[in-house]
Chemist: 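Below are the structure tokens for one structure; questions will follow.
The model shown is predicted, which means the values in this text are computed figures rather than measured ones. Note that the numbering runs from 1 along the sequence shown for the chain.
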Amino acid sequence: MFRAILPEGQIMCEDYDRTDDGLRLYDESGNFIAFVPYANLHALLNEDVYNESERSIM
């Protein structure tokens, strides 16, 4: 599971594809959720990062 961190919130997704202009996000069934332009993307994090206690990750 991944989290796309945006200025206005987060989008949870199971998988993603990189394109020239941004990321295409997909749910666990492989259905398209959203397209996020790189200009709007702060970070794409693996869900395992949130289970770590290392504050510098956040």
Chemist: Measure the shortest side-chain to side-chain distance between P7 and H42 over non-hydrogen atoms and say whether it is less than 4.5 angstrom.
Modeler: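 In short, these two side chains touch, coming nearer than 4.5 Å.
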
Chemist: Test: ring pair (Phe, Tyr, Trp, His ring centres under 6.0 Å). Region: residues 2-24. Which pairs qualify, not counting sequence neighbours?
Modeler: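 Non-adjacent pairs meeting ring pair (Phe, Tyr, Trp, His ring centres under 6.0 Å): F2-Y16.
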
Chemist: From L45 CG over to I5 CD1, what is the distance, rounded to the nearest 0.5 angstrom?
Modeler: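 The distance works out to 5.0 Å.
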
Chemist: List the atom pairs, with distances to 0.1 Å, where a side-chain N or O of residues 29-39 and a protein N or O form a donor-acceptor pair under 3.5 Å, not counting sequence neighbours.
Modeler:
residue: Y38; atom: OH; partner: T19; partner atom: O; Å: 2.9
residue: Y38; atom: OH; partner: G22; partner atom: O; Å: 3.4

Chemist: Which pair of non-hydrogen atoms, one from L41 and one from L23, has the smallest distance, and what is that distance?
Modeler: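 Here L41 and L23 meet closest at CD2-CD1, 3.4 Å.
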
Chemist: Quick one: ring pair (Phe, Tyr, Trp, His ring centres under 6.0 Å) partners of Y26, sequence neighbours excluded?
Modeler: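 With sequence neighbours excluded, Y26 shows a ring pair (Phe, Tyr, Trp, His ring centres under 6.0 Å) to no residue whatsoever.
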
Chemist: First locate atom CE of M12, then atom CG of D27, and finally report the distance between them rounded to the nearest 0.5 Å.
Modeler: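 It is 12.0 Å, given to the nearest 0.5 Å.
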
Chemist: State the CZ-CG distance between R24 and D17, to the nearest 0.5 angstrom.
Modeler: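 If I round to the nearest 0.5 Å, the distance is 7.0 Å.
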
